[in-house]
Protein chains: 2
Amino acid sequence: MSDQAPDSPARRKPTSYDVARHAGVSQSAVSRCFKPGASVSKKMRERVMKSVRELGYTPNAIARGLITRRSNMVAVIVSNLHFYPEILSELSARFSERGVHVLLFTLDHESDVSRILDQVWQYQVDGVIAAAHLAAEQVAQFQERGIPLVFYNRSYRDLPVSSVCCDQVEGEHQLVNLLAGNGTHKSFAIIAGPSDSVVSMQRTQGAIDRLQELGVDDITEAAGDYSYSSGRRALQQLIAERGAAPDAVICANDMMAMGVMDELRFHLELDVPGDVSVVGFDGVRAAHWSSFDLATIEQPVESMTEAAVSMLMERIDNDALPPEKRTFSGVLRAGSTVRGA
Amino acid sequence: MSDQAPDSPARRKPTSYDVARHAGVSQSAVSRCFKPGASVSKKMRERVMKSVRELGYTPNAIARGLITRRSNMVAVIVSNLHFYPEILSELSARFSERGVHVLLFTLDHESDVSRILDQVWQYQVDGVIAAAHLAAEQVAQFQERGIPLVFYNRSYRDLPVSSVCCDQVEGEHQLVNLLAGNGTHKSFAIIAGPSDSVVSMQRTQGAIDRLQELGVDDITEAAGDYSYSSGRRALQQLIAERGAAPDAVICANDMMAMGVMDELRFHLELDVPGDVSVVGFDGVRAAHWSSFDLATIEQPVESMTEAAVSMLMERIDNDALPPEKRTFSGVLRAGSTVRGA
DNA sequence: TGCGCTGTTGCATCCTGTTGCAATCCCCTC
DNA sequence: GAGGGGATTGCAACAGGATGCAACAGCGCA
């Protein structure tokens, strides 16, 4: 009588009720067969699973999430500019091991943040990893709503939030020590990232402080946006300002450092490190390539992602855990872009 | 009497019932205030919204998805190796414009696929973008379940599935024409990607066919895994086999081409393009850098992602739409790695 | 055979919104 | 003031599975 073909491809997906009817048991029995550790006899489980296979049943994670108040999803918020693909796939893999799924949010403009957060609340995620800048009142909303939040590679000195970072200041000190080791560099330039980036601020300030400790006072500053081309532009601007290239350029990240290297070598006909030394920060893949072999600080990405994931999961399982900041030391990679190193 | 502090941070999130009670209206009225185009009087909407603000209510997308059978989530499946960050953020942004969220799945090993698909079914996603290889029977499951699927940058010649591709064969023809244009190249090498990559197969076969059309018969082949270092290794192996460097190296993607360039220039002391010409495929950012300035085919990433997203959305809204394959032409970028070009 | 204990199972209710339908309201017209 | 019609609003039935509690089965032991 029905006008729907019994095996039409658009037929309704089977539910636990369908399975229960087919197996001649109650719906709750079916439910229990999918709950690890539930009290189900072997006979019951086999009977149910047989029907499950025959009907092609898959539990509905949405419905489950509604009643358990656990969606098993976490949001990962990344701002477009500074995102390394490795981190994202690393995060995704590690969450996946724990049966948790990643809902991805990318930010084009900082103004999107509140719109994004609205979405985050709606989707009932169990927790959030933020690799983007949030305002203090936005951070406060997480606390109000009881949603665990872990910052990745940025920390808020005066806010009680969890974060995983690489020690930016220590890293810059290592780089400056490498540069200053043999006294061949007199003038220094620093190319910062975007002015609203706390990480850039920490890195550049770390470098400046160490330089000043060592008695250097010829320091010029410029800023880019973390991209290759912005590194090149910043260098041009810097040289226009100074009238000559500095002895060493300290860049807030590797991308800009590689831009600087290419500008020096291919457009200004200067040798790296013969004429100018260059250092970066991050340890991205391309920095290892023979074309660059850049001196940089390698962030321990694996340890950092593992830490971020486990911190978040712990806080999802136990909401009484206080915020915690974990800082990892970066590893100096000397490369061959520093004169005399 | 309650032992729960009234403003404890862990208090239950307000639901539409709480809002309704607070505003003195029915729960369905609250629901309608969040449904665009629903019949709600201005007075009612204001009254409800006032309570919404006062209680800090956010609709629960999970519960909504349960009844509407639309989760407004799509799964994006990427296999680790060949993924460009740009594509992912591009996809995420375009879906976001349409109010759709991205659930990210990354594949480490091909064996993960069926486990991943299981997760995909459970999460009731409205559709799937796959930038990974699926077996024919896995593709069939999508049809059975009525979940729209669009492949990104890989197509199945003999399967009725939707896909968005760059024309690999045409692109290779352009590259070979560029190389062969002035008759200075006699011997050619081809570095393919992994053997299970259909894209790599198409690209290398496209190049070989065109070379043979032009009467070239000195062609050596090797394979890498799409990575920079595998390009270098493949070149070494190739030279060991031939006894000398070929006149031109055609690489299945840009990463390997850059590896080849670096191996040639920095380890074999050969000039590019003076001694050896190199071409890639993809048009990744680094290919544009002055260090490489690689001859390659630029995939029209924006058009392709837009096409993938709109194809998927159309099929989510209308499940009667037949599969469609869309192929975009790549744009030749001459660069400066081809002798005499 | 009867009793108590442990391990299973089913019942009923709950989670949070959405929506068809019917009741109601408001305002205007006659 | 009564009647009519469209716009609003509320009621109640879902969507699909989780779970506390009570009922019950099976088994060992007296």
Quiz item: If only atom types and distance count, is the side chain of B/K325 paired as donor or acceptor with the main-chain N or O of B/V161 below 3.5 Å?
Solution: yes
Quiz item: Are the side chain of A/Q138 and the backbone N or O of A/A135 linked by a donor-acceptor pair below 3.5 Å?
Solution: yes
Quiz item: Which letter, B, S or -, goes with each nucleotide of nucleotides 16-25 of chain C from 5' to 3', with contact meaning a protein heavy atom under 4.0 Å?
Solution: BBBBB-----
Quiz item: Is the number of heavy atoms from other residues, nucleotides or ligands within 6.0 Å of CD (B/E302) greater than 12?
Solution: no
Taking atom types as modelled, is there a side-chain donor on [X] or [Y] under 3.5 Å from an acceptor on the other?
{"X": "A/H22", "Y": "A/Y57", "answer": "no"}
{"X": "A/T106", "Y": "B/S92", "answer": "yes"}
{"X": "A/S71", "Y": "A/Q124", "answer": "no"}

Do [X] and [Y] touch side chain to side chain, with heavy atoms closer than 4.5 Å?
{"X": "A/I129", "Y": "A/F95", "result": "yes"}
{"X": "A/P148", "Y": "A/S162", "result": "no"}
{"X": "A/C33", "Y": "A/M49", "result": "yes"}

Practice problem: Kindly compute the distance separating CZ (A/R32) from OG (A/S26), expressed to the nearest 0.5 Å. | Solution: 6.5 Å
Quiz item: Between which nucleotides of DNA chain D, 5' to 3', does chain A make heavy-atom contacts below 4.0 Å?
Solution: D/dG16 to D/dG20
Quiz item: Is B/S41 touching bases, backbone alone, or none of the nucleic acid, heavy atoms closer than 4.0 Å?
Solution: sugar-phosphate
Exercise. State, to the nearest 10°, the angle formed by the axis through the first five base pairs of the helix from C/dT1-D/dA30 to C/dC30-D/dG1 and the axis through its last five.
Key: 50°
